[in-house]
Amino acid sequence: MVEQTLPEEEKNTRSLNFIEEIIEQDIRTGVNESRVHTRFPPEPNGYLHIGHAKSICLNFGLGKKYNGKTNLRFDDTNPVKEDVEYVDSIMEDVKWLGFDWEDRLFYASDYFEQLFEYALILIRKGSAYVCDMTAEEMSETRGTPTRPGKESIFRNRSVEENTDLFHRMRAGEFEDGSRVLRAKIDMASPNMHMRDPVLYRILHAHHHRTGNQWCIYPMYDFAHGQSDSIERITHSICTLEFEVHRPLYDWFIHEIGIYAPRQIEFARLNVTYTVMSKRKLLELVREGYVNGWDDPRMPTICGLRRRGFTPESIRNFADIIGVAKRDNVIDVSLLEYCIREDLNKRANRLMAVLNPVKVIIDNYPDDLVEEMEAVNNPEDESKGKRKMPFSKTLFIEREDFMEDPPNKFFRLAPGREVRLKAAYIIRCESVVKDPETGEITEIHCTYDPQTKSGMPESNRKVKGTLHWVSEKQAVKAEIRLYDRLFTKENPDDIEEGKTYKDYLNADSLKIITALIEPAVSGSAVLDPADKSAGYEKDGVSGKYQFERTGYFSVDKDSTPQHLVFNRVVRLKDSSSKGEKVKENFTFL
RNA sequence: UGACCCAUGGUGUAACGGCAGCACAAGAGAUUUUGGUUCUCUCGGCCCAGGUUCGAAUCCUGGUGGGUCAACCA
């Protein structure tokens, strides 16, 4: 028995989740020489989503925490659904999340020959047989969860006949669907998976890695556990729906007589206001409800990346949601909390007016342009300062002015003073309206020259502080404002006669043109070399907090001529506390 | 009308037979040149019924509720 000390940080830190407890117990008792070796085993038939991110962080996190290893293994046993497009995107996503499988990139298809040999072992032991029933017949004879099944009339074929038939299946002598190899277990088992499950099916299909080398392919159950065994995985972590497969997982390992990993199941992640099934996500893409797998409204990893989430924020999210066996639905506000927390510390501030209204400073010199100094990040002094041009004609947010404001309105109104952040205190003197529509077109103000930011007079108490841009120097940018994809907390909770698609949010994307301070130029386009990945070298370049409105991230569509930003998430907003007029206080 | 799994504030997650704690959300206040951040406080929970025990969220039994399982998908 090998004793191994647990990581130092474990002492006095957070309590362990149930998987860590199992692992630490195994380490203490010397199971598998106290090794820890996990794997992340995606099927390359779709893009990874935030639920996979939980699994990736769990598996790679455990490997790292216990000085073990983690493999990336593609579970590619179904050639008709799988594609290299997905293989590539999965590797990119795992890397982007910050994990490294080093030289341990594997494919279940690497083991096809070995798996075939394992099948032969079972046939020789009389534990597997070739069955000629059709899929329908098999389904009929399988029984139901409450009724035992019937044994196949092919169940007692001789070892010789089975061996011969199985070889001929491989040789391509039979049609798709005409025969399968089945395990001989127990047609009366209360566990449906033990009722002579299919091991191999005939599929004359081109495989993305093995080409046309094979026309029989192993089923998940016959491939997964054995692949774990071949890779000497110690803890094979998967989601709850595989719990009923575990007896079969163990049965194959035992029956073949090979190294035995341990399967442990945890509850998959659900998040409010979105769907997580690959089928549904694929449908949203195919039917054009979103603009591709990386649409920033998607819960896919590439979608979150394009939206502007950082890998750090997602790892932190995976960490704090925990791991357990009970069904769970995580409030999306927790995800939002994670990205705000990260970006607040790391993203530079910029002033951007999303819904502009013109402000004219009547007593400011016509052609004067002053350079104001603005702090890049109040949370990080090392980020320094930048210059912002100030002039007679500015823009502020339309929501920052009210002609007849309630008492709790801390912004601009006739006769009231506010501070323009990093500039002067101004007072509203009058407004000009469009005679037709009644819409305010100009707000006329005066400024107090003694209140320039930094001057003693500027410490004067005023009602509020607004962000602004100077008309002449402002840069236009396309801004994509995202909202939750679904209107219902749980879109899978479907009313009679509806589908989850009936709960799609029609307003999940709004595109506007905003005016941004000129400092944005030059830094608002992704390095073309990074474009494919959609992320940047230092993690937060291209990501900003637009002061008072939210966090924004440069989109891959952005060019120097046409800047494009995605809103990652709004700033937390307590402006409507105790008020019922939220629309008036919240930016778009 | 079967087997298996699960059950702690609104949400998520701790407790290893001994004071039910943490985070998010919600609410109140302080600070603030972002109605952001930060800080303080408040609200609010052991599914039910028995049993074991000096003592049960924890162990046992039975309910109740939820989930999973009947692809030649994974």
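Letters A, B, ... mirror the listed sequences (proteins, then strands); counts begin at 1. None of the values given here were measured: they were computed from a predicted structure.
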*asked:* By the 4.0 Å heavy-atom rule, please label Y217(A) as base, sugar-phosphate, or nothing.
replied: nothing
*Charged N to carboxylate O under 4.0 angstrom, R548(A) versus E397(A)?*
no
_I need the CG-C1' distance between D76(A) and C73(B), as an integer number of Å._
14 Å
*Check every atom of U37(B), G35(B), U68(B) against the side chain of N344(A) and return the nucleotide holding the closest atom.*
U37(B)
*Taking only the side-chain nitrogens and oxygens of R548(A), find out if one of them lies under 4.0 Å from OP1 or OP2 of G35(B).*
yes
*Between R268(A) and U68(B), does any side-chain N or O lie under 4.0 Å from OP1 or OP2?*
no
*Looking at every strand, decide which applies to E243(A) at a 4.0 Å heavy-atom threshold: base, sugar-phosphate, or nothing.*
sugar-phosphate
*Closest listed nucleotide, where the reference is the side chain of P190(A) and the choices are A3(B), A14(B), C72(B)*: A3(B)
*Consider the side chain of M192(A), meaning its heavy atoms from C-beta on, and name the nucleotide among G2(B), A70(B), A71(B) that approaches it most closely.*
A70(B)
*Report yes or no: do Q226(A) and Y249(A) form a side-chain donor-acceptor pair below 3.5 Å?*
no
*Crowded around R416(A) CZ? As in, over 12 foreign heavy atoms under 6.0 Å?*
yes
*So, is R326(A) close to the U8(B) phosphate, meaning a side-chain N or O under 4.0 Å from OP1 or OP2?*
yes
*Which of these nucleotides, C73(B), U34(B), G12(B), is closest to any side-chain atom of N78(A)?*
C73(B)
*Hey, which of these two, S453(A) or R246(A), hits RNA chain B nearer its 5' end, going by closest nucleotide?*
R246(A)
_Check: R386(A) and L350(A) side chains under 4.5 Å, non-hydrogen atoms_ = yes
*asked:* How many whole angstroms separate atom CH2 of W468(A) from atom P of U34(B)?
replied: 15 Å
*Can you check whether F565(A) and F552(A) have ring centres sitting under 6.0 Å from each other?*
no
Identify all pairs in which a protein N or O lies below 3.5 Å from an N or O of nucleotides 22-25 of chain B, and state each distance.
residue : atom : partner : partner atom : Å
C24(B)  : OP1  : Y337(A) : OH           : 3.4

*asked:* Tell me the interatomic distance from K81(A), atom NZ, to A71(B), atom P, rounded to whole angstroms.
replied: 13 Å
_Distance check needed: A3(B) P versus M194(A) CE, whole Å only._
17 Å
*asked:* Less than 4.0 angstrom between a side-chain N/O of R142(A) and OP1 or OP2 of C72(B), yes or no?
replied: yes
*Take I321(A) and H193(A), find for each the nucleotide of RNA chain B with the closest heavy atom, and name the residue whose nucleotide sits nearer the 5' end.*
I321(A)
*Given the side-chain rings of F252(A) and H224(A), with only the six-membered ring counted for Trp, is the space between their centroids under 6.0 Å?*
no
*What do the steps show when you test N376(A) against K385(A) for side-chain hydrogen bond (donor to acceptor under 3.5 Å, both in side chains), and what is the final call?*
CA-CA 5 Å; N376(A) 281 329; K385(A) 295 178 175 175; over 6 Å; no
*In whole angstrom, give the distance that lies between atom CD of E417(A) and atom P of U33(B).*
15 Å
*asked:* Determine whether a donor-acceptor pair (one donor, one acceptor, N or O, separation below 3.5 Å) exists between the side chain of E379(A) and the base of U38(B).
replied: no
*So what does A422(A) touch, heavy atoms closer than 4.0 Å: a base, only the sugar-phosphate, or nothing?*
base
*For this output row, return yes or no: ring centroids of Y200(A) and F166(A) closer than 6.0 angstrom.*
yes
_For a quick check under 3.5 Å, do S575(A) and D573(A) share a side-chain donor-acceptor pair by atom type?_
yes
*Whole-Å distance separating the CD atom of E341(A) from the C1' atom of U37(B)*: 11 Å
*Below 6.0 angstrom between ring centroids: does that apply to F154(A) and Y129(A)?*
no
*Can you say whether the rings of F546(A) and Y544(A) are parallel (under 30°), tilted (30 to 60°) or perpendicular (over 60°)?*
parallel
*Taking CG from L240(A) and P from G67(B), how many angstroms apart are they, rounded to a whole number?*
13 Å
*How is T549(A) classified with respect to the nucleic acid when contacts are heavy atoms under 4.0 Å: base, sugar-phosphate, or nothing?*
nothing
*Does the side chain of E231(A) come under 3.5 Å of the side chain of Y111(A) through a donor N or O and an acceptor N or O?*
yes
*Using only side-chain N and O atoms of T77(A), determine if any of them is under 4.0 Å from OP1 or OP2 of A74(B).*
yes
*Mind checking M219(A) for me? I need base, sugar-phosphate or nothing, with any heavy atom below 4.0 Å counting as a touch.*
sugar-phosphate
*K150(A), NZ atom: more than 12 neighbouring heavy atoms under 6.0 Å*: no
*asked:* Requiring both pairing distances under 3.5 angstrom, list the stems that contain RNA chain B and are made of three or more consecutive Watson-Crick or G-U pairs.
replied: B:2-7 with B:64-69, B:10-13 with B:21-24, B:26-30 with B:38-42, B:47-51 with B:59-63
*Among L304(A), V568(A), D342(A), N316(A), find the one that has a side chain to side chain contact (heavy atoms under 4.5 Å, CB included) with T310(A).*
D342(A)
*Starting from P on G66(B), measure out to CG on N490(A) and report it in whole angstrom.*
15 Å
_Of the listed nucleotides A14(B), A74(B), A70(B), the one nearest the side chain of T144(A)_ = A70(B)
*Please tell me which of the listed nucleotides, G12(B), G36(B), A74(B), lies nearest to the side chain of V329(A)?*
G12(B)
Check the interface with nucleotides 39-46 of chain B: list each N/O to N/O pair with the protein under 3.5 Å, or write none.
none

_Tell me if A30(B) is syn or anti. Syn = glycosidic torsion within 90° of 0, anti otherwise._
anti
*Reckon S574(A) has a side-chain N or O less than 4.0 Å from the OP1 or OP2 of G36(B)?*
yes
